[in-house]
Amino acid sequence: MRIATYNVNGINARLPVLLKWLEETKPDVACLQELKAPDEKIPKQEIENAGYTAIWHGQKRWNGVAILAKNGLEIEETGRGLAGEPEDEQSRYIEAVINDTTIGCLYLPNGNPAPGPKLDYKMRWLQRLSKRAKELLDSDVAVVLTGDYNVIPTEKDVYKPERWFDDALFRPEVRKAFHELVAQGWTDAIRKLYPEETIYTFFDYFRNAYQRNAGLRIDHFLLSPHLTNKLKDGGVDNHVRGWEKTSDHAPVWIELEE
DNA sequence: ATGCCTAACTCCGTTAGA
């Protein structure tokens with residue numbers, strides 16, 4: 001089963017790129033973030049025509065997440081939003097069971113400018129995610145938690161670490177919270193497959209970052225223990241970042257043994 | 001320390017992204 005994650009940065013602005021990528025790579029499951037569209041403006045028909053059924057949690061202007069499953073796969077939604085902050089109206093988490101695997105699709109808050117209320121929200125969101133992650137581990141099912149974590153895990157995952165120390169994507173408390181989440185028993189799938197390589201999933205639109213390979217690794221796959229030995233392959237669809245009218249993120253994918 | 005680039009929404013500037 002091929003599972004992909006892709007921060008599209010506007011599903012309508014990115015529709016031709018999204019459809020081309022789906023056609024080219026044919027993932028069984030695609031987790032999308034930053035739809036930037038309310039529910040009624042999700043291009044449902046085009047997604048269906050591409051051969052996918054979808055569930056989504058949209059929002060006007062910002063945020064928004066969706067899970068697409070290839071026709072023939074059943075998709076059963078098991079939750080949207082994270083517990084612990086009822087007043088939180090940002091659409092950043094959707095979860096479903098597909099093929100006996102629980103898939104959490106997440107768009108973690110950016111947190112900048114930091115310090116400040118946005119970083120505080122990010123830290124609370126990380127705690128709420130950790131709580132859900134622990135519940136899923138304790139439930140003893142196969143789980144993939146994937147999406148745009150907005151966390152650079154180590155110095156290896158950023159082109160110039162010294163420029164990012166104060167940034168909400170790389171600050172010590174953010175990295176610490178991410179590493180504590182992983183330490184619950186999760187596996188960072190891409191880092192497991194490529195322990196030493198420089199791998200980036202995001203390239204700023206500014207200053208030809210993609211052409212200069214000045215990137216960040218912030219889109220991740222966390223696997224529950226059931227799946228660590230089923231991880232066959234994975235990677236970044238780097239070339240998609242070079243397409244016209246493309247997102248600033250590149251799609252990331254893994255292949256799990258059935 | 002900030003802009004660079006891009007999108008959405010509302011109106012041609014503001015807010016947010018990372």
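Chain letters run A, B, ... following the sequence lines, proteins first and then strands; every chain starts at 1.
Between A:E258 and A:N99, the side chains place a donor N or O and an acceptor N or O closer than 3.5 Å (distance only, hydrogens not considered). Using modelled atom types and a 3.5 Å distance limit, the side chains of A:N9 and A:S247 yield no donor-acceptor pair.
Residue A:R61 places none of its side-chain N or O atoms closer than 4.0 Å to OP1 or OP2 of B:dT10. At B:dA18, one or more side-chain N or O atoms of A:N7 fall inside 4.0 Å of OP1 or OP2 (strictly under the cut-off). At the phosphate of B:dG17, neither OP1 nor OP2 sits under 4.0 Å from any side-chain N or O atom of A:N110. Between B:dT10 and A:K60, a contact under 4.0 Å exists linking OP1 or OP2 to a side-chain N or O. For B:dC9, the OP1/OP2 oxygens have no side-chain nitrogen or oxygen of A:K36 closer than 4.0 Å. An OP1 or OP2 oxygen of B:dG17 is reached within less than 4.0 angstrom by no side-chain nitrogen or oxygen of A:H249.
Side-chain atoms of A:P38 lie closest to B:dC9 of the nucleotides B:dC9, B:dC4, B:dA18. Of the listed nucleotides (B:dA16, B:dT6, B:dA8), B:dA8 has the atom at the smallest distance from the side chain of A:A13. Comparing B:dA8, B:dC5, B:dA16 against the side chain of A:Y205 picks out B:dC5 as the nearest.
Stacking of A:R92 on the aromatic ring of A:Y107 is recorded, both the 6.0 Å distance cut-off and the 45° axial limit being met.
Annotation: B:dC11 and B:dA7 have their C1' atoms spaced 15 Å apart (nearest Å). Comparing the C1' positions of B:dA16 and B:dT10 gives a spacing of 15 Å, expressed to the nearest Å. Taking atom C1' in both B:dG13 and B:dA1, the straight-line distance is 23 Å, to the nearest Å.
Each of A:N12 and A:P113 was assigned the nucleotide of DNA chain B with the nearest heavy atom; the assignment lying further toward the 5' end belongs to A:N12. Summary of the strand contacts: A:I218 and A:I11 both lie near DNA chain B, and taking for each the nucleotide with the nearest heavy atom, the more 5' one is attributed to A:I11.
For A:F178 and A:Y149, the distance between ring centers is under 6.0 angstrom.
Of the inter-residue distances, the one linking A:D148 atom CG with A:H220 atom NE2 reads 8.5 Å to the nearest 0.5 angstrom.
Atom CZ of A:R92 is separated from atom C1' of B:dA16 by 10 Å (rounded to the nearest Å).
With centres under 5.5 Å and a plane angle under 30°, the ring of A:F206 is stacked against the base of B:dC4.
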